[in-house]
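So you know, we letter chains A, B, ... as the sequences are listed, proteins then strands, and number each from 1.
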2 protein chains.
Amino acid sequence: MKKGKKYSYLYERPALAADTVIFGFDGETLKVVLTQRKKDPFKSRWALPGGFVFMDETTEQAAKRLLLEKAGLKNVFIEQLYTFSDMDRDPRERIVSVAYYALVNARQYEISAGRDTLKTEWFSLQDMPKLAFDHSKIIKLAAERLKGKVSYQPVGFELLNEKFTLPQLQALYEAILETPIDKRNFRKKILSTGLLLALDEKEKNVAHKAAQYYSFDKKMYKELGKKGFHFEL
Amino acid sequence: MKKGKKYSYLYERPALAADTVIFGFDGETLKVVLTQRKKDPFKSRWALPGGFVFMDETTEQAAKRLLLEKAGLKNVFIEQLYTFSDMDRDPRERIVSVAYYALVNARQYEISAGRDTLKTEWFSLQDMPKLAFDHSKIIKLAAERLKGKVSYQPVGFELLNEKFTLPQLQALYEAILETPIDKRNFRKKILSTGLLLALDEKEKNVAHKAAQYYSFDKKMYKELGKKGFHFEL
DNA sequence: TTTTCTTAGTGTAATATTTACACTAAGAAA
DNA sequence: TTTCTTAGTGTAAATATTACACTAAGAAAA
């Protein structure tokens, strides 16, 4: 037993961590926040923001704390993704990680580097560097999950500005689903759900016809989020 | 530091467990396997089969081992459900549990009681006893997950006999979705997916018109399981 | 052997949804 | 005033969904 190790158990226990996949949308592509590691293992490699779960917090609370500590994000939507438990996923020792994904407005939040990271940056999903640990796998699963989510729940409130145009919403859907969508059919369908409120306002300073702003009908958004609705085009 | 506690760490660690929600179908209702606890806490209460995760196995491997040890089940379909990490979910100490759900053929498998359980039995989902820990919550989430699964993936292969009739398959869908389905529309839709192979064989010894047997087209089942398909009636 | 009971199996018409597709409108910049 | 760019709109054809009632087959009962 090494000196200074204060907590002892009858059976060996893995360490417990939380990792977060932070999705943002810049109007063009889906992005994910990565942090560059300061220390070994995988020193200077990019990785998901993550860290150990403390004894006085649930894994979700840990994920939210880490979002704040590592990326400066507060009050964001998160949902549990999956728990990764391969014995060798961390070369130091066994660490079981509960992964969460978060949806944030990439334009609204300035991402700030955390304490033990060199840099923290947005990376486009189609253009990812080589990642530490099994983090590529985690991101891949998160992207699939988000794709699934879009097809049965409204998505967008968390990722867009409060006011947004239909072309913006469509671009978001196309980025998540990784497929082009017919403009007219998209509008018809999304408007028929009753999710959207047309605002009395248009885009400004665009060198083409200005698009109308919409916002989500909060009540409807919540309702369809709970009971689900099928969205496919 | 108490005597005999051999594993020491710098930081406190929760224990890691796996719990399993085993779904079966008896032709009428969805059932779940519960075991009656031999020891405190919650002595003699019904609970989900579960136990600690060892250091040389993933949580999924642990869930599979526990399925065998606690219920005598081998080679069954399992999928990760959710990780439960409330600090007080176990009164003894903090135990984080990764929950899995399994789908098995309730008629084919004899359930056998495990070592430290009094009894192991099937319980109908609508008729559950009071459960230990947060296991009611886990089962509720598992049932919702299964409901969701049915609407975008084929389900039935794991729960029915290799040969089954359309009324049996329909009864399964009705049990999972908790809603009656129109017979003609169900047949039309399920047959149009190409999932089913009509066999050259009928039910025997039934006091009414014998139903035709079908089996799943394995290739199609796998394909639709991977890429998903929308099923709703 | 006939009748009864029970569940399997079948089709259609009305309605709703999905799909494919091309032009005009608005705004700034050249 | 012309050009460039993106917003916004409608329809017809095809497909999918829904609601709904009778005949067929088999064993059991009379």
Exercise. Does any donor atom in the side chain of A/Glu79 or A/Tyr101 lie under 3.5 Å from an acceptor atom in the other side chain?
Worked result: yes
Exercise. A/Phe186 has an atom CZ; how far is it from atom P of C/dA20, in whole Å?
Worked result: 17 Å
Exercise. What class does the angle between the rings of B/Phe231 and B/Phe229 fall in, given that below 30° is parallel, 30 to 60° is tilted and above 60° is perpendicular?
Worked result: perpendicular
Seminar exercise, completed: From CD1 of A/Ile181 across to P of C/dT19 the rounded distance in Å is 11 Å
Exercise. Please give, in whole Å, the distance from D/dT18 C1' to B/Leu233 CG?
Worked result: 10 Å
Exercise. Hey, does the side chain of A/Asp217 reach the backbone of A/Met220 with a donor-acceptor pair shorter than 3.5 angstrom?
Worked result: yes
Exercise. Given atom CZ of B/Phe229 and atom P of D/dA16, what is their separation to the nearest angstrom?
Worked result: 14 Å
For this session: Rounded to the nearest 0.5 Å, what's the gap from OH on A/Tyr213 to NZ on A/Lys163? Could you check?
Result: 6.5 Å
For this session: Can you check each nucleotide of nucleotides 5-12 of chain C against protein heavy atoms at under 4.0 Å and return B for base, S for sugar-phosphate only, - for none, in 5' to 3' order?
Result: -BBBBBBB
Seminar exercise, completed: Pairing string of DNA chain C (Watson-Crick or G-U wobble, both atom distances under 3.5 Å; | = paired to other strand) is ||||||||||||||||||||||||||||||
Seminar exercise, completed: Rounded to the nearest 0.5 Å, the OH atom of A/Tyr173 sits from the CZ atom of A/Phe186 at a distance of 6.0 Å
Exercise. In whole angstrom, what separates A/Lys202's NZ from C/dA28's P?
Worked result: 10 Å
For this session: Would you kindly give the NZ-to-P distance between A/Lys189 and C/dA20, to the nearest whole Å?
Result: 13 Å
Exercise. Is any NZ, NE, NH1 or NH2 atom of the basic residue among B/Glu223 and B/Lys219 found under 4.0 Å from an Asp or Glu carboxylate oxygen of the other?
Worked result: no
Exercise. For the rings on A/Tyr82 and A/Phe84, is their centre-to-centre separation under 6.0 Å?
Worked result: yes
Exercise. Can you name the residues that form a side chain to side chain contact (heavy atoms under 4.5 Å, CB included) with A/Lys140, not counting sequence neighbours?
Worked result: A/Glu144
